[in-house]
Amino acid sequence: MTTTITPDLVSLRAKQQMVWSSGDYNRIAALTVPVNEATVAAASIIPGERVLDVATGTGHSALAAARQGAAVTAIDYVPALLDIGRHRADAEHLDVDFIEAPAEILPFGNAAFDVGISTIGIMFAADHEQAARELARVVRPEGRIVVTSWTAGGFVGGMLATVGKHVTPPPGARPATRWGDQDYVAELFGNRVESVRSRTATLTVRFVDAAAFADLFLGYYGPTFSAASKLNDDGRGALRADLVALAESHQQPASGGIAIDWEYRVVEAVRS
């Protein structure tokens, strides 16, 4: 099945692809492995099932699914991240097929998979509706879909909003954290799914201090790294100060540093 998105959204997707190709997301993905594990656990994967991981990044969800005995395919539009996933799969002798593709145009036939998952990935698609349609299309009837996303009211949602105050998002971009709302995700999938349910959970991440958080994310996380590169020295200083303040407002005392809870939502649905 051939699918397309509008020229404006193609341009937006290209800009977002550049953002995620910047920095070194591998350094950040290492922090969020428990979120990947939560997605795979929610999918209740049975050995031998065909699983698609959309916007896999460095492949943590795909590898977790493969460890459950699934036949896993993983897609992303950043080649460097896919290469990292391939190396990890090779190191563990796991059979995962990593394919370069955007979430809005999946190169698979209808009902090609038993399970479709995405961990803090599809939420950053340029075209939310098209990405949801595509994910539903390639999952078989009565197959399972699990999408995990940062919430708008959580710490990462606050960080992304902070970035948006310093660098205006590209025209047409919608907040990725809208995927952290069950009603919004249910609306995106529409009558293609049924039995939609969700829960929120938190990932606790530890840092030496709030400044260490800010410097890590300014140095390696695509959205903050890319935003900082567009600012002058004063602008970068102001962005860093706001990120430090955000971390300080969420931090909890911890032995040898601080702890920050990052809220995410796991949405589960059954393909109609």
Side-chain angles (χ1 to χ4, degrees), residues 1-29 32 52-62 73-86 97-108 116-138 147 149-150 152 156-157 159-180 184-185 188 217-232 235-236 239:
M1 179 176 179
T2 300
T3 56
T4 59
I5 61 175
T6 66
D8 286 346
L9 285 169
V10 169
S11 175
L12 174 59
R13 189 178 69 207
K15 292 174 182 176
Q16 292 177 333
Q17 183 180 24
M18 291 179 64
V19 167
W20 290 106
S21 298
S22 66
D24 182 0
Y25 184 65
N26 189 38
R27 294 285 297 270
I28 306 302
T32 60
L52 174 66
D53 182 20
V54 174
T56 190
T58 54
H60 286 295
S61 288
T73 301
I75 69 102
D76 203 284
Y77 62 5
V78 180
L81 300 183
L82 292 171
D83 286 342
I84 292 170
R86 291 187 186 101
D97 189 13
F98 289 93
I99 297 173
E100 183 181 346
E104 299 94 340
I105 307 176
L106 300 177
F108 313 108
I117 62 175
S118 184
T119 305
I120 50 179
I122 197 173
M123 65 181 291
F124 293 103
D127 188 332
H128 293 190
E129 287 83 4
Q130 181 64 22
R133 283 194 296 269
E134 279 290 272
L135 179 53
R137 177 183 67 79
V138 301
V147 176
S149 310
W150 303 121
V156 178
M159 177 178 63
L160 295 172
T162 297
V163 171
K165 293 177 182 177
H166 290 265
V167 176
T168 303
R174 279 182 289 174
T177 50
R178 295 190 69 181
W179 285 81
Y184 181 73
V185 176
L188 287 176
F217 274 70
L218 287 169
Y220 299 107
Y221 186 55
T224 40
F225 178 94
S226 179
S229 71
K230 295 179 172 66
L231 300 170
N232 59 25
R236 285 191 291 272
L239 173 58

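FYI, side chains are in, hydrogens and waters are out, and symmetry mates aren't considered; it's all heavy atoms of this structure. Along the sequence shown, residues are numbered consecutively beginning with 1.
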* Phe124: ring pair (Phe, Tyr, Trp, His ring centres under 6.0 Å) partners, not counting sequence neighbours ->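 Checked Phe124 against ring pair (Phe, Tyr, Trp, His ring centres under 6.0 Å); matches are Trp20.
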Polar side-chain atom of [X] near backbone of [Y] as donor-acceptor pair, under 3.5 Å:
X      : Y      : result
Arg137 : Leu106 : yes
Asp97  : Thr73  : no
Glu104 : Gln130 : no
Gln16  : Ala126 : yes
Ser229 : Ser226 : yes

* Verdict with supporting geometry, Val78 and Tyr25, side chain to side chain contact (heavy atoms under 4.5 Å, CB included) -> CA-CA 10 Å; Val78 180; Tyr25 184 65; over 6 Å; no
* **Those residues that, when tested against Tyr220, pass side-chain hydrogen bond (donor to acceptor under 3.5 Å, both in side chains) (two or more places apart)** =>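 Here the qualifying residues are Arg27.
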* Can you sort out the partners of Asp24 under salt bridge (Lys or Arg N to Asp or Glu O under 4.0 Å), two or more places apart, ordered by chain and number? =>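 Residues passing salt bridge (Lys or Arg N to Asp or Glu O under 4.0 Å) with Asp24: none at all.
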Can you see which heavy atom on [X] is nearest to which on [Y], and at what distance?
X      : Y      : result
Asp76  : Thr56  : OD2-N, 3.3 Å
Gly219 : Phe225 : O-CD1, 3.3 Å
Ala74  : Leu82  : O-CD2, 4.4 Å

